[in-house]
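Contents: one structure, followed by commentary.
Below, chains carry the letters A, B, ... as their sequence lines are ordered, and counting in each starts from 1.
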Amino acid sequence: MAKDFPTRAENYAQWYNDLVIKADLADNSAVRGCMVIKPYGYAIWEKIQATLDKMFKDTGHSNAYFPLFIPKSFFSKEANHVEGFAKECAVVTHYRLKKSDDGKSIVVDEDAKLEEELIVRPTSETIIWDTYRTWIQSYRDLPLLINQWANVVRWEMRTRLFLRTAEFLWQEGHTAHATKDEAIEETGKILNIYANFAENWMAVPVIKGVKSPNERFAGAVETYCIEALMQDGKALQAGTSHFLGQNFAKAFDVKFLSKENKLDYVWATSWGVSTRLMGALIMAHSDDNGLVLPPKLAPIQVVIVPIYKKAEQLAEISEKAEIIKKALVAKGISVKYDDRDTQKPGWKFAEYEFKGVPVRIAIGPRDIENGTVEVARRDTLEKETYQMTDIDIKIENLLVQIQDNIYKKAFSFRAENTFHVDTWDEFKDQIEKGGFVFAHWDGTSETEQAIKEETKATIRAIPLNNPQEEGKCVYSGKPSKEKVIFAKSY
RNA sequence: CGGGAUGUAGCGCAGCCCGGUAGCGCGCUUCGUUCGGGACGAAGAGGCCGCGAGUUCGAAUCUCGCCAUCCCGACCA
């Protein structure tokens with residue numbers, strides 16, 4: 001057990017907060033609600049970025065960059081969109097500071113008021129669609145497949161590192177298509193990329209689904225999502241892909257001439273994942289000993305710790321460590337050989353364990369004598385002595401096993417915490433206990449709202465390819481054709 | 001924006017009732033012994049006690065005001 005660190009059972013929220021800070025992932029900043037992402041945390045984000053970026057490019061998307069500031073007037077063009085974001089926008093009103101009259105401080109220069117206020121982007125649909133109008137004239141300009149990596153600001157009341165911060169990093173894809181079908185296909189393609197990334201890189205099993213009208217993105221016709229289940233039984237939306245119909249094209253007058261020489265509005269999608277994925281990654285796998293990272297996203301996959309008394313021993317151990325490191329690096333594995341003399345081996349063990357490094361190799365005098373190394377895996381905390389022969393292949397295989405094991409563990413957890421209920425009493429009871437709760441729903445917004453008010457649970461998703469079955473709404477008793485997933489969520 | 005709590009060394013806290021030289025643990029620095037799961041000893045460094053007024057011979061401590069942060073709610077990726 002790590003020092004001064006609560007267990008999940010004692011206090012899950014505290015466990016998460018402490019973990020993020022003590023594992024050196026991020027910190028609160030001088031700015032309320034905004035975080036500092038520290039090098040170790042940012043290294044994970046960079047791996048997430050690199051992987052997704054390649055996936056986007058492999059499917060024909062290009063990166064671009066649009067302004068941080070959006071003229072206020074743009075927001076009023078799409079009515080639903082305004083309503084969705086108005087309450088959490090940061091607004092720039094002035095462009096100059098000056099010395100105060102007493103010369104002691106800096107104040108806003110009231111003479112430097114902006115003609116039109118600028119909104120710090122909470123998302124970029126408006127500025128992007130205003131730009132797309134000038135880019136798109138013909139069906140030959142389509143599809144337009146753009147992604148941007150950016151920061152956005154949503155002025156949240158209550159914030160939590162990675163899960164909800166006032167400023168966060170994300171990618172937002174914005175595409176334009178000639179046909180409705182093509183746009184819908186795009187949202188599905190992206191949803192599959194997200195699900196593939198979540199499951200095969202983050203080792204987090206997700207459910208692909210569609211959002212209920214209440215949970216839909218402001219301005220979208222349909223919102224698709226991937227939902228993950230955290231260890232405390234709460235759901236976390238890990239990514240969204242929106243079919244925007246012609247809403248933004250109409251609002252920003254983006255038309256194109258088709259092959260048949262007919263003028264029509266283009267069809268749109270937008271989709272994104274954010275630094276919130278870091279929260280999902282942390283909460284999905286970590287334990288009471290600290291962070292557990294899937295090998296594919298761990299900044300350090302293997303750490304080598306020497307155990308020695310005298311300088312001559314260290315020299316011998318270092319020689320062996322460097323051989324191992326070289327062999328592993330040749331296989332594309334990221335290795336850190338920590339030969340710092342300033343910390344003790346035990347201290348290092350605890351440190352790397354807490355930071356979730358998947359594999360630790362310890363080499364001591366005994367190993368030099370026997371031609372072995374001690375290998376410890378973070379996910380199971382098991383230690384084993386390996387012969388040096390084919391050490392690179394053994395470690396490579398071990399990393400694959402760990403990735404696999406972490407996913408399976410998360411998958412069984414979800415399976416054990418997924419429930420089907422038919423009565424309102426069962427429903428309330430199970431929601432209180434946590435997990436994904438499948439229940440019949442009459443399809444109305446009013447029922448969803450009422451359930452939310454009474455239990456704090458929302459519809460997380462209506463799964464894609466959901467089995468159709470006749471039933472009665474768990475709340476209203478009205479007829480229903482399928483069960484949907486309810487849960488409390490982040 | 002409502003309800004609750006807290007601001008004292010880098011971090012975590014005690015001291016405050018009952019005013020009188022600002023303390024403990026961790027961390028940090030130096031030296032020595034240690035080194036296969038967070039070592040031990042010795043010697044050090046480090047404070048506008050959140051900010052501003054007031055009461056008092058004297059305020060971390062009492063009074064008033066302000067500010068900030070955290071937790072719990074309403075809002076949300």
Side-chain angles (χ1 to χ4, degrees), chain A residues 1-6 11 13-14 17-18 21-22 27-33 83-89 122-123 151-172 194 211 214-218 220 223-228 235-242 270-280 289-290 305-311 313-314 317 339-355 360-370 372-376 378 381 383 385 452-453 456 458 460 489-490:
Chain A
M1 180 91 50
K3 274 199 286 190
D4 309 322
F5 184 62
N11 188 341
Q14 192 65 44
N17 293 341
D18 284 12
I21 289 171
K22 290 182 176 163
D27 222 335
N28 286 304
S29 72
V31 185
R32 187 191 153 83
E83 223 173 283
F85 287 104
K87 283 170 286 180
E88 48 188 37
C89 285
T123 178
N151 59 338
V152 287
V153 168
R154 296 179 189 175
W155 214 260
E156 299 290 349
M157 296 288 192
R158 277 189 69 191
T159 59
R160 284 188 81 190
L161 293 173
F162 291 122
L163 297 173
R164 174 163 300 108
T165 47
E167 180 193 16
F168 58 89
L169 305 183
W170 76 348
Q171 57 72 214
E172 46 180 326
Y194 287 162
K211 286 292 187 189
N214 283 16
E215 300 286 319
R216 192 182 288 150
F217 173 72
T223 288
Y224 298 88
C225 62
I226 52 170
E227 290 283 324
L236 188 136
Q237 179 175 306
T240 50
S241 181
H242 314 290
S270 71
W271 27 274
V273 297
S274 70
T275 35
R276 180 177 242 207
L277 285 181
M278 297 281 296
N289 298 297
V305 178
I307 296 156
Y308 60 95
K309 291 183 184 162
K310 302 180 206 105
Q313 284 177 330
L314 178 62
I317 291 166
D339 61 350
R340 286 177 301 172
D341 194 33
T342 50
Q343 317 291 349
K344 324 273 310 223
W347 189 92
K348 291 175 187 172
F349 289 0
E351 177 76 1
Y352 291 112
E353 190 167 291
F354 197 80
K355 288 186 155 189
R360 181 188 73 231
I361 300 176
I363 311 173
R366 260 194 337 250
D367 297 302
I368 296 292
E369 241 173 74
N370 303 336
T372 57
V373 293
E374 183 194 80
V375 176
R378 177 61 184 90
L381 297 172
K383 284 195 275 199
T385 302
K452 184 179 177 185
E453 274 159 28
K456 290 183 179 138
T458 50
R460 299 322 303 159
S489 73
Y490 276 97

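- A:Phe217 and A:His242 have parallel rings, their planes meeting at less than 30° on a 0 to 90° scale where 60° marks the start of perpendicular.
- Looking only at side-chain heavy atoms (C-beta outward), A:Pro306 and A:Leu314 come within less than 4.5 Å of each other.
- Residue-level contact check: A:Thr165 touches the bases, meaning some heavy atom is under 4.0 Å from a base atom.
- Under the 4.5 Å side-chain criterion, counting only non-hydrogen atoms from C-beta, A:Trp170 is in contact with A:Phe168.
- No side-chain heavy atom of A:Asp339 sits less than 4.5 Å from a side-chain heavy atom of A:Ile317.
- Taking 4.5 Å as the limit, every side-chain heavy atom of A:Pro122 sits out of range of all side-chain heavy atoms of A:Val153.
- Between the CG atom of A:Asn28 and the P atom of B:C11 there is a distance of 13 Å, rounded to whole Å.
- Base pairing of B:G41 is made with B:C31, judged by Watson-Crick or G-U wobble geometry with both donor-acceptor distances under 3.5 Å.
- In this structure, A:Glu88 places its CD atom 14 Å from C1' of B:A74, rounding to the nearest Å.
- For B:U61 and B:A9, the P atoms lie 15 Å apart once the distance is rounded to whole Å.
- The CH2-P distance, from A:Trp155 to B:C1, rounds to 13 Å in whole Å.
- A 3.5 Å limit on both hydrogen-bonding distances identifies B:G54 as the Watson-Crick or G-U partner of B:C62.
- Panel note: side chain A:Asp367, backbone A:Gly364; a donor-acceptor pair is recorded below 3.5 Å.
- Taking the salt bridge (charged side-chain N to carboxylate O under 4.0 Å, His left out) definition, one finds that A:Arg160 meets it with nothing, sequence neighbours left out.
- A cation-pi arrangement is found for A:Arg360 relative to A:Phe349, the charged atom lying closer than 6.0 Å to the ring centre and inside a 45° cone about the ring normal.
- Using a 4.0 Å heavy-atom criterion, one finds that A:Gln237 contacts the sugar-phosphate atoms exclusively.
- Side-chain contact between A:Asn289 and A:Arg378 is present, with heavy atoms from C-beta onward closer than 4.5 Å.
- Along RNA chain B, the nucleotide nearest A:Gly33 and the nucleotide nearest A:Tyr490 are compared for position; the residue whose nucleotide lies closer to the 5' end is A:Gly33.
- The nearest whole Å value for the distance from the CG atom in A:Asn17 to the C1' atom in B:C70 is 10 Å.
- Nucleotide B:G10 holds its P atom 17 Å from the CD1 atom of A:Ile21, rounded to whole Å.
- Applying the Watson-Crick and G-U wobble criteria (two distances, each under 3.5 Å), B:G23 pairs with B:C13.
- Residue contacts for A:Thr240: at a heavy-atom cut-off of 4.0 Å it reaches no nucleic acid atom on any strand shown.
- A:Phe168 comes within 4.0 angstrom of a base, heavy atoms only.
- Within the 4.5 Å cutoff, side-chain heavy atoms of A:Arg460 are placed close to those of A:Glu215.
- Between A:Met157 atom CE and B:C1 atom P there is a gap of 8 Å when expressed in whole angstrom units.
- Nucleotide B:A5 forms a pair with B:U69, judged by Watson-Crick or G-U wobble geometry with both contacts under 3.5 Å.
- Distance CH2 (A:Trp347) to P (B:G27): 10 Å, rounded to an integer number of Å.
- Among the atoms of the strands shown, none is found under 4.0 Å from any heavy atom of A:Leu236.
- One C1' atom belongs to B:G19, the other to B:C57, and the distance between them is 12 Å to the nearest Å.
- Spacing between B:G7 and B:G47 at atom C1', rounded to whole Å, works out to 15 Å.
- Distance noted for atom C1' between B:C67 and B:G58: 27 Å (whole Å).
- Using N1 to N3 plus N6-O4 or O6-N4 for Watson-Crick, or N1-O2 and O6-N3 for G-U wobble, each under 3.5 Å, B:G36 pairs with nothing.
- The partner of B:C48 cannot be assigned: no Watson-Crick or G-U wobble pair with both contacts below 3.5 Å exists in any strand.
- Taking atom P on both nucleotides, B:G10 is separated from B:U6 by 22 Å, rounded to a whole Å.
- If you take CZ on A:Arg154 and OG on A:Ser274, they are separated by 8.5 Å, rounding to the nearest 0.5 Å.
- Here A:Arg360 lies in heavy-atom contact (under 4.0 Å) with a base.
- Rounded to the nearest Å, the gap between the P atom of B:U29 and that of B:C71 is 32 Å.
- A side-chain donor-acceptor contact under 3.5 Å links A:Gln313 to the backbone of A:Lys310.
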Table of protein N/O atoms under 3.5 Å from nucleotides 31-36 of chain B N/O atoms:
from, atom 1, to, atom 2, distance (Å)
B:U34, O2, A:Lys344, NZ, 2.5
B:C35, O2', A:Tyr308, O, 3.2
B:C35, N4, A:Lys309, O, 3.2
B:G36, O6, A:Gly364, O, 3.2
B:G36, O6, A:Pro365, N, 3.2
B:G36, O6, A:Arg366, N, 2.5
B:G36, O6, A:Asp367, N, 3.1
B:G36, N1, A:Gly364, N, 3.4
B:G36, N1, A:Asp367, OD2, 2.5
B:G36, N2, A:Asp367, OD2, 3.1

Please tabulate, one pair per line, each protein N/O and nucleotide N/O from nucleotides 67-69 of chain B that are separated by under 3.5 Å, including the distance.
none

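- Following rounding to the nearest Å, A:Asp18 (CG) and B:G12 (C1') show an atom-to-atom distance of 11 Å.
- For B:C49 and B:A22, the C1' atoms lie 8 Å apart once the distance is rounded to whole Å.
- Rounded to the nearest Å, the gap between the P atom of B:G4 and that of B:A53 is 29 Å.
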